[in-house]
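Quick notes on the structure that follows.
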Amino acid sequence: MDKKNLAIDVAALAVFLAVVNPALTGIGVHEWLGLGMLLVFFVHALLHADWAVEALRGSIARPSWGRTGNLVLDVMIVVALMAVTVSGIMVSGAVLPTFGWYAQGYYFWDPLHAMSAKALLALLLVHVVVHGKWLARAFRKGEKHG
């Protein structure tokens, strides 16, 4: 991981921590920042696409608990992110009305949004802990890691 990737990841984490607390930002800012986080996720995924391809190949060619577990964790993060994004859009009180739209099913989407947001937060915490050694080295020495 080079310094540019690390800076993007740290900025994404900082914005995410603001997004997960709508009491801090207000609902409108929470919703727009949440959509922005989807863009940040895609940038993060593109920056790490080579790692993801290699991890998938490695998990198939030379399975190991660490490699496969990390891949499974990342897939779970993507699923949780998609659930929180879709459900967040469906309960939107600021974004959808901006476009003149309204979604049905609040009593389905709102609990899904709350549960998937909590799952995403927990999974991201595990992700940061799993990569803790890499992050520590990157902060200390600016080493490159995949």
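Treat the numbers as computed from the prediction; the structure is a model and nothing was measured.
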List in chain and number order the residues that pass ring-ring contact (aromatic ring centres under 6.0 Å, His included) with Trp65, two or more places apart in sequence or in another chain; answer none if no residue qualifies.
none

For His131, check ring-ring contact (aromatic ring centres under 6.0 Å, His included) against everything at least two apart and list the hits.
His127, Trp134

Please give me the minimum heavy-atom distance between Thr25 and Ala18, naming the atom from each residue.
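What the structure gives for the nearest pair is CG2-O, 3.6 Å.
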
So which heavy atom on Ala94 is nearest to which on Gly28, and how close?
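Reported closest heavy-atom pair: CB-CA, 3.7 Å.
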
Checking [X] now: which residues fulfil side-chain contact (heavy atoms from CB on, under 4.5 Å) with it, not counting sequence neighbours?
| X | answer |
| --- | --- |
| Ser87 | Trp109, Leu112, His113, Ser116 |
| Ala103 | Met90, Leu96 |
| Met76 | Val72, Leu123 |
| Leu124 | Phe16, Ile77, Leu120 |

Rest of the hydrophobic cluster containing Ile60 (Ile/Leu/Val/Met/Phe/Trp/Tyr, side-chain heavy atoms under 4.5 Å)?
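When side chains under 4.5 Å apart are linked, the cluster holding Ile60 also contains Leu56, Leu71.
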
Which pairs with one or both residues in residues 29-38 pass side-chain hydrogen bond (donor to acceptor under 3.5 Å, both in side chains), sequence neighbours excluded?
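Only Glu31-Ser92 qualify under side-chain hydrogen bond (donor to acceptor under 3.5 Å, both in side chains).
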
Tell me which pairs pass side-chain hydrogen bond (donor to acceptor under 3.5 Å, both in side chains) where either residue lies in residues 10-23, with sequence neighbours left out.
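Sorted pair list comes back empty.
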
Hydrophobic cluster membership, [X] vs [Y], 4.5 Å side-chain cutoff:
| X | Y | value |
| --- | --- | --- |
| Phe108 | Val86 | yes |
| Val19 | Ile89 | no |
| Val20 | Leu81 | yes |
| Leu46 | Val53 | no |
| Val130 | Leu125 | no |

Extract all donor-acceptor atom pairs below 3.5 Å that involve side chains of residues 36-43 and protein atoms in other chains or at least two apart in sequence.
none

With a 4.5 Å limit on heavy-atom distance, are the side chains of Val29 and Leu24 in contact?
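Of all side-chain heavy-atom pairs linking Leu24 with Val29, none is under 4.5 Å.
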
